[in-house]
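Have a look at the structure below, then the notes.
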Amino acid sequence: MAQVKVRFAPSPTGPLHIGGARSALFNWLFARHHNGTMVVRIEDTDIDRSTREYEDLILDSLRWLGLDWDEGIGVGGPNGPYRQRERLDIYHPYVEKLLASGQAYHCYCSEDELEAERQELMSRGELPRYLGKCRELSIRDKEEKCAAGRKPVVRFRVPEGRTLTVEDLVRGRVEFESDGIGDFIIVKSDGIPTYNFAVVMDDALMGITHILRGEEHLSNTPRQILIYEALNFSMPHFAHISLILGEDRSKMSKRHGATSVVQYREQGYLPEALVNFLSLLGWSPEGEEEIFPIDELVRRFSLDRVSKSPAVFNFDKLKWMNWNYIKESSPDRITELCLPHLKRAGLLSETPSADSMSWLKQVVATVQEKLEYAAQAPDVISVFFGDTVDVDSEDTDARQVLALETSPAVIRAFREKALEHKAWDSETVRSILKEIGKELGVKGKALFMTVRVAVSGQSHGPDLNALLTLVGPETVARRLEYTLKHM
RNA sequence: GGCCCCUUGGUCAAGCGGUCAAGACACCGCCCUUUCAAGGCGGUAACGCGGGUUCGAUUCCCGCAGGGGUCACCA
């Protein structure tokens with residue numbers, strides 16, 4: 001394939017959304033697969049809603065996901081600037097050109113007039129659209145309107161009777177009739193171009209070869225094609241990716257839960273997991289494996305395996321995916337990941353000592369294979385903390401175990417042996433357990449389960465030996481004593 | 001409502017005229033087990049409907065239905 005150049009062009013009106021992240025990912029995978037160029041540009045023509053904070057947040061999320069870019073915001077390049085609001089001078093001559101050739105014209109209609117027109121059309125059962133009232137205004141009319149203080153917008157004159165064809169790389173040929181499209185605005189009354197115009201200008205001027213974006217843009221494409229033609233720009237390839245849906249099958253939005261990348265980051269998901277998961281939403285690799293490191297995704301990615309049908313975002317599968325990556329990660333990394341959650345839960349001080357950090361790493365190492373995401377850490381880890389533990393009243397297995405005839409003796413014996421031992425490691429714990437079993441003639445569940453429940457208050461939890469080892473003899477003894485008194 | 005897109009188990013999905021219709025998540029059993037999990041084995045569960053085309057349709061065509069998107073001085 002000839003040189004490939006793609007772009008991700010978010011609008012900084014909110015954090016990076018899951019859908020946006022998936023678009024960015026597909027563009028990135030496509031670019032990397034073909035050794036092409038990835039550009040990131042900011043579409044900030046919506047002055048009221050765009051902020052620099054969101055821009056930073058989005059860029060940050062992109063970097064966190066491991067999606068880098070070769071040209072654009074932050075890295076520069078030959079086609080800058082890369083914020084649309086800084087490109088107004090670049091757009092201007094092209095607007096003039098369209099105006100001069102009559103392919104665009106000034107429109108002075110007010111909001112109210114347009115609204116009235118819409119209502120009128122709708123009440124007659126016709127489609128609401130702009131009918132071209134200002135198409136043929138005379139110079140005098142214009143001067144009058146200007147004098148009256150009206151600020152015009154620039155509209156694109158949509159030709160009649162044309163069939164606009166989008167050759168879409170994932171959908172095939174899609175046709176639209178130009179008659180269904182009213183003359184649309186390309187420059188707002190404040191002089192700032194609209195999305196449909198600016199996006200074409202930028203894509204053309206930046207030499208974008210492939211436009212991969214969400215399906216919500218498909219019906220905008222015929223308008224954009226018109227502009228490409230009017231300005232004699234060469235047409236890029238289009239590929240519209242199906243939408244990501246919420247559980248109720250409507251376009252994923254805030255009410256569906258966590259929808260922004262930062263939220264997943266905060267919950268303690270790993271970027272590789274999110275990337276892997278997202279890659280499988282609307283694309284499928286050949287073969288049966290599903291877990292791929294990112295460079296393997298790059299190697300395998302291809303547009304012709306991109307699905308046409310929308311996909312429901314499946315939280316369970318994401319969790320499963322993340323669990324896979326967590327259990328394969330180093331305890332150091334996962335400890336780091338859990339830190340903020342443990343601090344917030346009050347299990348750890350803001351500035352933990354080196355000792356408690358190294359202890360914590362061992363704790364994390366014993367439970368990390370159970371974690372689906374780091375925010376679960378406090379729950380899973382809390383049994384390692386505290387001098388006393390109450391038996392979970394919901395846990396009938398636990399109560400039954402403590403009610404065993406042999407249990408008090410087992411607990412007492414363990415407590416004594418724990419206090420006698422100076423050295424304390426997993427070997428010690430093992431031998432103590434063995435001794436008790438021998439001395440009291442108790443084995444299996446009656447032995448191990450009893451100790452577990454007495455020391456943790458629950459009939460399930462981390463590996464018993466590791467639990468006892470890490471909690472330490474003094475605390476174990478205190479917990480056992482407490483249990484003895486309260487059982 | 002007009003236009004456009006989509007339709008295989010609960011979800012993600014393979015399939016690209018002939019398959020007992022893959023696989024994954026979730027769910028349910030059993031095994032293993034010093035708990036839970038993991039792991040192993042097994043199970044429940046799908047081609048929206050109606051017409052064509054064809055020796056043969058999940059696959060191709062046409063309707064219908066359902067879902068979604070879009071019709072802004074938002075992107």
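Note on naming: letters A, B, ... go to the chains in the order of the sequence lines (proteins, then strands), and numbering restarts at 1 for each one. Small disclaimer: the values here were computed from a predicted structure and weren't measured.
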[X] with [Y]: basic N within carboxylate O range, under 4.0 Å:
X        : Y        : result
A/Arg83  : A/Asp44  : no
A/Arg7   : A/Asp202 : no
A/Lys308 : A/Asp168 : no
A/Arg85  : A/Glu55  : no
A/Arg299 : A/Glu296 : yes
A/Arg333 : A/Glu272 : yes

Whole-Å gap separating [atom2] ([N]) and [atom1] ([X]):
X        : N     : atom1 : atom2 : answer
A/Leu447 : B/U35 : CG    : C1'   : 13 Å
A/Phe315 : B/U11 : CZ    : C1'   : 12 Å
A/Asp183 : B/C71 : CG    : P     : 16 Å
A/Asn196 : B/C73 : CG    : C1'   : 12 Å
A/Arg223 : B/C74 : CZ    : P     : 14 Å
A/Ile244 : B/G68 : CD1   : C1'   : 14 Å
A/Arg452 : B/U34 : CZ    : C1'   : 8 Å

The side chain of [X] is closest to which nucleotide in this list: [options]?
X        : options             : answer
A/Leu218 : B/C5, B/C71, B/A13  : B/C5
A/Met449 : B/U35, B/A13, B/G68 : B/U35
A/Val312 : B/C12, B/A24, B/C74 : B/C12
A/Leu281 : B/C12, B/C6, B/C73  : B/C12
A/Glu290 : B/A22, B/C6, B/A24  : B/A24
A/Ser11  : B/C6, B/A75, B/U70  : B/A75
A/Ser309 : B/C4, B/C25, B/U7   : B/U7
A/Arg171 : B/C6, B/C4, B/A75   : B/C6
A/Arg118 : B/G69, B/U35, B/A72 : B/A72
A/Arg49  : B/A75, B/U34, B/C74 : B/C74

Taking the [atom1] atom in each of [N] and [M], what is the distance between them to the nearest angstrom?
N     : M     : atom1 : answer
B/U54 : B/U11 : P     : 36 Å
B/G43 : B/C6  : P     : 36 Å
B/U58 : B/U7  : P     : 16 Å
B/G18 : B/C25 : P     : 28 Å
B/U70 : B/C60 : C1'   : 29 Å
B/G10 : B/A22 : P     : 16 Å
B/G66 : B/A45 : P     : 28 Å
B/C12 : B/G48 : P     : 14 Å

Using 30° and 60° as the class limits, which term best fits the ring planes of A/Tyr108 and A/His106: parallel, tilted or perpendicular?
->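 Geometry flag for A/His106 against A/Tyr108: tilted rings.
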
Pairing partner (Watson-Crick or G-U wobble, both distances under 3.5 angstrom) of [N]:
N     : value
B/U19 : none
B/G2  : B/U70
B/A75 : none
B/G42 : B/C28
B/G63 : B/C49
B/U54 : none

Under 4.0 angstrom, heavy atoms only, what part of the nucleic acid is [X] near: base, sugar-phosphate, or nothing?
X        : answer
A/Lys445 : nothing
A/Pro462 : base
A/Gln458 : nothing
A/Asn314 : base
A/Cys107 : nothing
A/Gly444 : nothing
A/Asp463 : base
A/Gly214 : nothing
A/His217 : base
A/Val153 : base

Are A/Phe301 and A/Phe26 close enough, and set up right, to give a ring pair (Phe, Tyr, Trp, His ring centres under 6.0 Å), and what steps lead you there?
-> CA-CA 8 Å; A/Phe301 188 79; A/Phe26 279 23; 5.2 Å; yes

Side-chain N or O of [X] closer than 4.0 Å to phosphate OP1/OP2 of [N]:
X        : N     : answer
A/Lys251 : B/G67 : no
A/Arg305 : B/G15 : yes
A/Ser284 : B/A14 : yes
A/Arg249 : B/C12 : yes
A/Lys317 : B/A13 : no
A/Thr45  : B/A75 : yes

Find which nucleotide of RNA chain B each of A/Glu369 and A/Glu289 is nearest to by heavy atoms, and output the residue with the more 5' nucleotide.
->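 Going by which nucleotide is closer to the 5' end, it is A/Glu289.
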
Of A/Glu286 and A/Pro310, whose closest RNA chain B nucleotide lies nearer the 5' terminus?
->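 Comparing both residues, the 5'-ward one is A/Pro310.
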
Donor-acceptor pair present, A/Ser189 side chain and B/C73 base, under 3.5 Å =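 In this structure, the two groups form a donor-acceptor pair.
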
Side-chain donor or acceptor of A/Asn220 under 3.5 Å from a matching atom on the base of B/A75?
->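 Side chain to base: pair found, below 3.5 Å.
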
Picking from A/Arg162, A/Gln224, A/Gln103, what satisfies side chain to side chain donor-acceptor pair (under 3.5 Å) with A/Glu229?
->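 Of A/Arg162, A/Gln224, A/Gln103, side chain to side chain donor-acceptor pair (under 3.5 Å) with A/Glu229 is met by A/Arg162 alone.
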
Stacking check A/Trp320 vs B/C25 (5.5 Å / 30 deg) =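 No, aromatic ring not over the base.
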
Side chains of A/Ser407 and A/Thr450: do they bring a donor and an acceptor to under 3.5 Å?
->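 Their side chains do contain a donor-acceptor pair, which is all the 3.5 Å distance test asks for.
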
